[in-house]
Amino acid sequence: MSFTLDEVSQRYITDSGEVVHALADTSLHVPAGQFVCVVGPSGCGKTTLLKILAGFLRPTGGQARVNDSLITGPSWERGVVFQQANLYPWLTVRKNVELGLKFRGVGAAERRETGQRCLDLVGLAGFEDQKTYELSGGMQQRAQIARVLANDPEIILMDEPFGALDALTRERLQMDLLQISRERRKTIFFITHSVEEAVFLGDRVLVMSPRPGRVVLDEPVTISQQYGRVLPGKELRSTPEFVALRDRIADTIYTGQAPA
Amino acid sequence: MTGPNQDEASVVPETDPLGQSLRVAADHRRSRRAQRVRKFGLSFAVLLIALGIWWLVTRFALVPALYLPSPAAVWDAFIQANTCRELDSGRSVCGEQNYYMWEHLIASMQRIAVGVGVAIALGPLVGFLMGSIEWLNTALEPYLNFLRSLPPLGYIGLLIVWFGIGNTSKYWLLFLAAFPPIVIATINGVRGVREDSIHAARSMGASRWQVGRYIVLPATLPEVIGGIRIAVGFAWTTVVAAELNAGIPGIGGLAYVSGQQLQTALTIACIIVIGLAAVALDALLKHLGTLLVPWYGRA
Ligand SMILES: Nc1ncnc2c1ncn2[C@@H]1O[C@H](COP(=O)(O)OP(=O)(O)OP(=O)(O)O)[C@@H](O)[C@H]1O
Ligand SMILES: [Mg+2]
């Protein structure tokens, strides 16, 4: 599934009546199967953009479309991994992970199997029957990721999903996510504060400017193509291309405008 | 230097994870128990001090016994209300007003059970609808607040005219007292459900109905239970008003009648029994709450 933004903009009205211009006119096309990473300073409208794509927010200007139909609300085909884990404390970890399948009427046996596979994937085997509030923050985040993966959405929208994780777990989940996106041709919209993570994961990196948010840099990441193979993490990170791109993106975030 | 035996003793616990976690659990239980004992001790000390002051005041007759009977007199009244005794005429009388005190208490509890029970059956439903349907809330909220602010004593007379002097009017009064707090707590609960919780469910494919059933309902449970506790407390304060007329058997009725007949000791005994029953019931509900909502305050 692809998605398209057509001159999408967002103005919030705060409780005190002020108008906040969060997102300037933004046009964007993300083809099916692309892994696009979004970076930008805090408050520049990244989450706003994600909410519009998820269908939680109707943009105040322009149109957001999935394939060719207008986004009018949330759908299971657009899974969302939130900044906070949002697990339901009245359900066990397993029940949380199986919830989407339950909503969609999938039978118990299949739910169990799919849920278990996703729990194994994020390294939560053995914690299935725990209370969610008895997990660590990073484990909760992994459970949330498993919950979204279990639903097998075509588009995965992720808001700084790995921010709360230790380096080792983050790296493992990054690899898993890459694999999922490649094997199953998922379209992924991935917000992060880590430039390194963006370049490492993305087929494409978007840099947004401070308020009102605009896409000031839209860079394809073609290092693997240039080398003609998928480079393992360590090797990739030390290539001159990686370093150059990372610095270019970091500079753009710093100055807020596209480099000359 | 320590000898080899001592060395071994200090090493073994660290290389024995099961023993260690068992010990942690045991320590935890012990400290919880100690804490409970301390808390209970504090409450008990306050009780003893209050009883002591009461006893001193009556012992030195600082207040006439008609106004404030001694603890012993109240205890006697309590015993007398729960036993049979021979009158001078040779006739045997049991309890007070032809019923043992526990029968009075049970009669009141039954009324509360009916009134509050209906409120528990309807309140969350109404609150749930009002909390999720904006226009319904706009339409009904003023009347709910109106009802909430009415003093039960004010309209018991009206209820008696409408529903007779028997139990029906009492049920209605207790229901009307218990209903608003439950509805209001439920509305607040529904309103307080975090937006992201609902968004997450919607983007997993939940229909509106499923969001209500699987997300909003359990998320609201803590507030509903809180509302029920407030409502039950309210019902106890209302039970005397409900039993002012034809309230025998009934612990509230007995408190009122004995006061009118200047049996002050019995009145105080009734008040204490009402208070203790209310506290016990609330403790039960609180416990039920922690069983039903173990996540409360932790997630
Ligand atoms: N509901 C709202 N009402 C008013 N203003 C809002 C609202 N939500 C967001 N904003 C404003 O819109 C701007 C963009 O917010 P957004 O959450 O999209 O930023 P972000 O890029 O995700 O930031 P961060 O990296 O810190 O998460 C911010 O300046 C914020 O103050
Ligand atoms: Mg954000």
Side-chain angles (χ1 to χ4, degrees), chain A residues 47 50-57 71-93 95-106 111 130-135 137 140 143-159, chain B residues 17-18 21 24-25 28-29 32 124 128 131-134 185-186 188-228 287-299:
Chain A
T47 300
L50 179 137
K51 283 182 176 168
I52 291 170
L53 290 170
F56 303 154
L57 195 66
I71 296 174
T72 53
S75 149
W76 72 269
E77 292 172 322
R78 277 166 278 131
V80 180
V81 176
F82 294 80
Q83 240 169 325
Q84 268 131 31
N86 277 318
L87 298 174
Y88 301 117
W90 49 88
L91 300 176
T92 60
V93 173
K95 291 256 173 69
N96 264 281
V97 171
E98 293 178 2
L99 192 58
L101 297 169
K102 182 169 181 173
F103 285 150
R104 291 165 45 218
V106 174
R111 282 205 310 259
Q130 288 261 33
K131 306 277 174 67
T132 60
Y133 48 88
E134 287 170 350
L135 297 183
Q140 293 186 16
Q144 184 196 197
I145 292 169
R147 187 166 75 174
V148 170
L149 292 180
N151 229 359
D152 201 22
E154 284 299 311
I155 296 176
I156 307 178
L157 308 168
M158 307 178 95
D159 199 343
Chain B
L18 178 64
S21 41
V24 168
H28 176 71
R29 274 195 302 275
R32 279 262 292 264
F128 206 70
S132 19
I133 304 171
E134 191 56 41
T186 309
N188 286 338
V190 172
R191 294 268 166 79
V193 179
R194 289 193 37 245
E195 201 179 33
D196 276 351
S197 291
I198 293 170
H199 282 336
R202 297 276 285 141
S203 59
M204 280 190 278
S207 63
R208 256 183 84 94
W209 186 84
Q210 283 171 324
V211 169
R213 161 73 181 77
Y214 292 101
I215 311 299
V216 180
L217 202 65
T220 311
L221 199 57
E223 275 82 4
V224 173
I225 291 173
I228 289 174
H287 182 67
L288 206 65
T290 51
L291 285 185
L292 282 174
V293 194
W295 67 87
Y296 190 62
R298 301 212 273 167

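Chain letters run A, B, ... following the sequence lines, proteins first, then strands; residues in each count from 1. Please read all numbers here as calculations on a predicted model, not as lab measurements.
Considering all non-hydrogen atoms of both residues, A/Tyr88 and B/Ala201 come closest at OH-N, 3.3 Å. When every heavy atom of B/Ser197 is checked against every heavy atom of A/Asn86, the shortest pair comes out as N-OD1, 4.0 Å. The minimum heavy-atom distance linking B/Met204 with A/Leu99 is given by the pair CE-CD2, 4.2 Å.
Heavy atoms closer than 4.5 Å to chain A are found in both the backbone and the side chain of B/Ile215. Both the backbone and the side chain of A/Lys102 come within contact range of chain B, judged by heavy atoms closer than 4.5 Å. For A/Gln84, the part sitting under 4.5 Å from any heavy atom of chain B is the side chain, from C-beta outward, and nothing else.
Between chain A and the options B/Val293, B/Asp196, B/Leu292, heavy-atom pairs under 4.5 Å are most frequent for B/Asp196. Of all the listed residues (A/Phe82, A/Phe56, A/Trp76), the one sharing the greatest number of non-hydrogen pairs under 4.5 Å with chain B is A/Phe56. Contact count versus chain A (heavy atoms, under 4.5 Å) is highest, among B/Ala219, B/Ser203, B/Gly205, for B/Ser203.
Rounding to the nearest 0.5 angstrom, the gap separating the OH atom in B/Tyr214 from the CZ atom in A/Phe103 is 7.5 Å.
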